[in-house]
Amino acid sequence: MRASFVFSEVLTGLRRNVTMTVAMILTTMISLTLLGGGLLVVRMIDKTQAVYQEEVDVNVNLTKDISANDKECTQDTCADLRERLESDPAIEAVTFENRDQALVRFKQIFEAQPEMLKLVRADALPASFHLRLVNPDRPEVISQTYSGAVGVDSVVDESEFLERLFSAFNGVRNLTFAIALIQAVAALLLISNTVQVSAFTRRTEVNIMRLVGATRWYTQLPFLLEAVVAGLVGAVLAIGLLVAGKVWFLDTVLGGVFASGVLSPIDGLDILLVSPWLLLTSIGISAVTGYVTLRLYVRQ
Amino acid sequence: MRASFVFSEVLTGLRRNVTMTVAMILTTMISLTLLGGGLLVVRMIDKTQAVYQEEVDVNVNLTKDISANDKECTQDTCADLRERLESDPAIEAVTFENRDQALVRFKQIFEAQPEMLKLVRADALPASFHLRLVNPDRPEVISQTYSGAVGVDSVVDESEFLERLFSAFNGVRNLTFAIALIQAVAALLLISNTVQVSAFTRRTEVNIMRLVGATRWYTQLPFLLEAVVAGLVGAVLAIGLLVAGKVWFLDTVLGGVFASGVLSPIDGLDILLVSPWLLLTSIGISAVTGYVTLRLYVRQ
Amino acid sequence: MIRLEHVSKVYKTSTRPALEDVSVVVDKGEFVFLIGASGSGKSTFLRLLLREEVPSRGRVYVANFDVARMARRRVPRLRQSIGCVFQDFRLLNNKTVAENVAFALEVIGKPRNTIRKVVPEVLELVGLEGKSARMPHELSGGEQQRVAIARAFVNRPLMLLADEPTGNLDPDTSQDIMLLLERINRTGTTVLMATHDHSIVDSMRRRVVELDLGQVVRDDARGVYGVGR
Amino acid sequence: MIRLEHVSKVYKTSTRPALEDVSVVVDKGEFVFLIGASGSGKSTFLRLLLREEVPSRGRVYVANFDVARMARRRVPRLRQSIGCVFQDFRLLNNKTVAENVAFALEVIGKPRNTIRKVVPEVLELVGLEGKSARMPHELSGGEQQRVAIARAFVNRPLMLLADEPTGNLDPDTSQDIMLLLERINRTGTTVLMATHDHSIVDSMRRRVVELDLGQVVRDDARGVYGVGR
Ligand SMILES: Nc1ncnc2c1ncn2[C@@H]1O[C@H](COP(=O)(O)OP(=O)(O)OP(=O)(O)O)[C@@H](O)[C@H]1O
Ligand SMILES: Nc1ncnc2c1ncn2[C@@H]1O[C@H](COP(=O)(O)OP(=O)(O)OP(=O)(O)O)[C@@H](O)[C@H]1O
Ligand SMILES: [Mg+2]
Ligand SMILES: [Mg+2]
């Protein structure tokens with residue numbers, strides 16, 4: 001089987017039915033873009049989760065009095081509390097953050113929302129201990145033990161906040177995946193249909209080929225390759241769209257949030273990691289769909 | 001021309017190429033869902049904008065002293081300032097909000113984020129005058145005039161905050177419309193292709209019809225109706241998806257934000273208003289595409 | 001009935017004209033054979049009458065229609081007054097015999113009870129009264145051609161055009177089809193038939209118009225296929 | 001070369017068998033006419049040899065292949081040793097004459113310089129040396145059929161099957177095609193031809209196998225079309 005001959009047949013096939021080919025490529029592209037978007041959201045969640053879980057699980061906010069007067073945690077109340085926390089076997093690490101440091105962090109988080117900064121004066125923020133737990137899944141034990149202790153104003157379980165944040169992300173991710181799935185079904189049907197239509201419009205040729213003794217592979221390979229080429233083009237376009245989406249949408253709209261460190265940003269590396277999966281998925285699905293279609297629907 | 005005959009031809013046509021019909025319906029559905037989603041975001045922006053613009057343009061925050069001690073704005077400094085604001089021809093309306101009222105509003109907005117509430121104590125919030133301007137486009141004039149006046153702590157232009165909010169929305173809307181547009185192109189190509197394939201697979205019948213004297217309308221109407229029926233089904237499914245998306249996604253994930261009044265919620269009425277446009281768009285586009293395809297690509 | 005005046009036809013993709021300065025008159029009720037070598041223009045001749053093609057020059061009249069110049073939207077009216085039969089039958093494979101015939105009436109919007117009355121009549125005429133519920137593939141070639149003739153005739157057209165209607169049939173079956181066409185001709189319908197089959201032409205002794213390279217080279221009132229044969 | 005042993009064929013959608021207990025042997029180099037009324041099973045006979053259909057009963061041998069039982073993937077080998085010609089030519093309309101012929105070689109993976117050498121040779125054999133760059137629609141029916149024969153023969157097959165190769169051609173052109181088939185037969189290629197055309201059968205005086213309702217009713221070494229005619 002000569003490659004140049006097969007190749008020219010594939011090109012002819014794709015050109016013969018341009019509208020169909022373009023529709024197939026566009027649908028594949030959108031499907032893969034959404035799939036890629038969903039995967040990127042997953043990565044973002046994972047990375048953000050990792051950052052938060054590494055840093056801290058529970059905050060112990062100190063009273064106004066300590067916050068205002070004991071900047072280095074040297075006075076008795078604060079130092080006692082720190083000792084108690086550090087010797088607690090359920091707590092892995094303890095970090096002290098005084099009011100000034102809290103303000104710096106607060107300003108960073110709300111960099112993009114100056115009204116918030118105006119609302120909160122330095123003396124409104126408490127000094128606090130940031131605790132990393134041995135068992136991050138059970139913060140309520142810490143909460144019960146230290147609420148009401150001397151010098152403690154409140155115990156805040158940060159994972160609560162994270163859970164709400166992540167549930168919003170999960171919503172976005174599920175929506176993206178849902179649309180991607182519907183699109184994938186459409187793309188699959190389109191691939192199958194394109195193969196059928198290709199085979200149908202060229203059945204005279206195929207019949208003649210088969211009468212002069214061409215093998216089944218020889219007659220059907222062009223249809224299969226057509227599907228794969230279209231799938232490949234769709235995947236490449238999808239990756240392009242993801243990069244464009246990152247540059248023009250994410251970086252502009254969510255740039256502030258990323259900079260504040262509340263969310264881990266999606267970077268080029270993430271897209272690079274997702275891309276091969278998109279390509280493989282696309283090629284795999286189009287090849288399998290094409291093959292199955294040829295076996296089931298195209299009389300040999 | 002007997003309706004029952006045409007109808008049975010349409011059904012036969014749609015059934016003959018099920019994969020194509022389903023792909024066409026799915027693509028149309030997604031395109032219209034995204035279009036509808038974009039329109040709903042536009043409505044949400046409009047409504048939110050209307051609420052904010054009705055309520056207030058510029059906040060004049062009062063000093064800590066006034067905020068703490070003059071709850072009814074009866075003392076000289078505050079009363080003078082109010083009089084000055086009320087007599088300013090550039091200002092249409094003035095509302096006084098004391099510290100307690102500010103706290104109530106703040107709690108409402110951050111209902112879903114209890115850590116914020118813990119950060120901010122009542123005495124951190126300022127009392128303020130909420131101004132509605134005659135000319136909302138030029139808040140900087142007010143800002144310049146009243147910054148540094150006696151009793152004024154700061155002048156906050158809320159439109160700045162809104163602009164940032166809306167630019168995020170506009171980003172979402174543009175992304176939605178962009179995907180919807182690409183999808184629409186795919187749907188258009190698919191409709192055109194389905195009509196071509198239909199006409200092609202049934203050319204024997206059509207040829208025979210034409211030889212026995214059938215009019216062009218008689219032979220081509222079924223293809224056109226096929227496209228329209230598929231477009232219609234796609235639109236109905238899209239509306240269903242929008243309702244489902246509202247119930248399962250928006251109401252759960254963004255429920256808190258809606259309740260706080262920061263964003264105006266999307267309600268059933270909005271979907272009801274958007275639906276006829278989706279139906280009309282779908283029918284119109286599929287009919288026109290079908291007709292043009294028949295004229296241009298299908299030899300009579 | 002049919003009048004061609006100095007008709008020429010050159011296909012766009014072809015260099016030599018398919019028909020060249022052809023003038024032929026066919027009266028109502030005539031039976032005419034159109035013969036000639038392959039590529040001599042017989043099918044083109046018939047296609048011009050049906051306005052499947054328009055002539056490059058000259059005028060074509062069929063019944064009261066100025067075929068070459070009539071508006072496109074009036075073409076269906078012309079075709080409703082002409083019945084066509086082809087070598088490859090052109091039946092719809094997914095419809096029964098009766099449905100195939102009824103199809104020709106449905107398509108031009110005849111009411112359903114007329115259809116129910118006329119179809120069995122015409123099937124009886126062509127001798128297929130017992131096979132109206134069969135599918136085309138359950139019929140022999142000759143029977144399929146009868147169905148095609150029934151469909152062409154069910155509308156009682158003024159004329160019947162047949163392009164090699166016996167080309168795919170064996171000699172015996174061909175004779176049957178010719179007898180049927182003769183019977184239809186006797187009802188007053190003009191019949192114009194293109195054919196290669198010289199035994200048929202020779203045995204019928206009807207008018208013969210011979211084309212050669214697109215030109216009329218012979219027009220005998222009671223001709224045979226080949227003079228020199 | 002060809003051996004059918006008690007072959008029957010019943011199509012799924014049909015009630016009556018298309019072939020019934022047919023046993024025929026054709027030796028290498030023979031020229032055989034397959035005649036019979038429409039629907040008598042001629043095309044079915046040829047399709048069985050090509051394994052386009054499998055027999056319901058009986059055995060079919062072609063060259064060294066047990067056609068009815070061979071594995072599917074070996075079918076292409078069988079077909080590469082058989083050339084086919086049909087009534088409707090079956091040329092690719094978007095390829096030139098030379099490309100149409102070359103196609104048969106490309107498809108079975110012949111190297112390009114072999115193709116460049118063989119194609120002009122076979123076009124000369126069928127008398128089309130000057131027209132290799134023409135498109136099919138620029139040729140007469142007879143010329144198109146020659147291209148089809150060239151394509152069937154370019155691979156030097158052991159046998160040539162022809163299903164009514166002259167069905168769409170006028171008598172003169174038919175004669176030319178028959179002369180060509182005879183010439184090919186003289187190179188040692190077995191030729192099996194289904195036809196309705198009695199003048200051809202009568203004039204050639206070759207072996208005639210007649211089918212009727214799927215059964216072999218006559219097998220004459222030097223036959224004519226119809227005995228009673
Ligand atoms: N659609 C077409 N486009 C270009 N050329 C055509 C077309 N149809 C026919 N021709 C050419 O016009 C000439 C006459 O063709 P036509 O089909 O009328 O001949 P015919 O007498 O019916 O032949 P046959 O006996 O083979 O049916 C031929 O040279 C043919 O190649
Ligand atoms: N694919 C098929 N499915 C069902 N029945 C078929 C099929 N092909 C042929 N037949 C039937 O088998 C019988 C023999 O058909 P075949 O085509 O072999 O006849 P033939 O001798 O070639 O006729 P003709 O002269 O019309 O070409 C006929 O009754 C026909 O209806
Ligand atoms: Mg012709
Ligand atoms: Mg046959």
Side-chain angles (χ1 to χ4, degrees), chain A residues 1-21 194-229 287-288 290-300, chain D residues 46-47 49-53 62-63 65 71-86 88-95 99-115 122 136 147-163:
Chain A
M1 204 182 309
R2 286 213 323 280
S4 65
F5 184 71
V6 172
F7 186 71
S8 81
E9 289 286 307
V10 171
L11 276 191
T12 315
L14 288 175
R15 251 185 288 125
R16 190 172 320 210
N17 201 344
V18 178
T19 52
M20 189 86 167
T21 307
T194 310
V195 170
Q196 283 180 55
V197 170
S198 283
F200 184 76
T201 53
R202 276 185 279 166
R203 67 198 178 297
T204 326
E205 266 164 273
V206 169
N207 259 330
I208 294 173
M209 281 192 200
R210 295 192 46 259
L211 277 176
V212 296
T215 59
R216 188 165 181 167
W217 263 114
Y218 196 86
T219 55
Q220 297 195 338
L221 195 63
F223 305 131
L224 207 65
L225 287 182
E226 256 175 68
V228 173
V229 166
V288 170
Y291 184 80
V292 170
T293 305
L294 285 172
R295 290 287 128 163
L296 294 186
Y297 295 109
V298 180
R299 281 195 321 151
Q300 74 151 329
Chain D
L46 298 181
R47 278 208 286 273
L49 299 181
L50 279 168
R51 213 200 194 237
E52 284 201 79
E53 301 284 350
V62 172
F65 299 96
R72 248 199 193 176
R73 65 189 158 65
R74 296 193 59 229
V75 172
R77 298 230 137 258
L78 166 72
R79 293 191 180 153
Q80 286 167 25
S81 63
I82 305 178
C84 303
V85 183
F86 297 91
D88 54 357
F89 318 146
R90 303 209 188 159
L91 301 177
L92 299 174
N93 291 318
N94 52 353
K95 286 185 157 52
E99 284 166 359
N100 262 288
V101 176
F103 187 72
L105 295 172
E106 269 161 0
V107 139
I108 60 175
K110 279 269 152 66
R112 203 175 293 189
N113 45 358
T114 313
I115 295 178
V122 77
V147 178
I149 292 173
R151 187 183 60 198
F153 191 63
V154 68
N155 196 25
R156 305 283 156 167
L158 299 169
M159 89 184 75
L160 202 69
L161 304 184
D163 197 354

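Hydrogens, waters and symmetry mates are skipped; everything else that's a heavy atom, side chains included, is used.
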Notebook entry, point to check: Could you state the interatomic distance from CD (Glu52(D)) to CG (Asn207(A)), rounded to the nearest 0.5 Å?
Noted result: 7.0 Å
Checklist line | Where Met209(A) and Phe103(D) come nearest, the two heavy atoms and their spacing | finding: CG-CZ, 3.3 Å
Notebook entry, point to check: Minimum heavy-atom separation for Ile108(D) to Ala214(A), with atom names?
Noted result: CG2-N, 4.4 Å
Note to self: For a quick test of reading the model, state the closest non-hydrogen atom pair linking Phe86(D) to Leu211(A) and the distance between them.
What the structure shows: CE1-CD1, 3.5 Å
Note to self: Let me confirm one number: the CZ-CH2 distance from Arg73(D) to Trp217(A), rounded to the nearest 0.5 Å.
What the structure shows: 15.0 Å
Item checked: Inter-residue atom distance Arg72(D).CZ - Thr215(A).OG1, 0.5 Å rounding -> 13.5 Å
Next item on the list: For Leu225(A), check side chain to side chain contact (heavy atoms under 4.5 Å, CB included) against everything at least two apart and list the hits.
Entry: Val6(A), Val10(A), Leu221(A)
Item checked: Neighbour count >12 (heavy atoms, 6.0 Å) for atom CZ, Arg203(A) -> yes
Check: Any side-chain heavy atom of Arg90(D) sitting closer than 4.5 Å to one from Thr204(A)?
Finding: no
Check: Where do Val212(A) and Gln80(D) come nearest, in terms of heavy atoms and distance?
Finding: O-CG, 3.8 Å
Note to self: To the nearest 0.5 Å, what is the distance between CZ on Arg210(A) and CZ on Arg51(D)?
What the structure shows: 10.5 Å
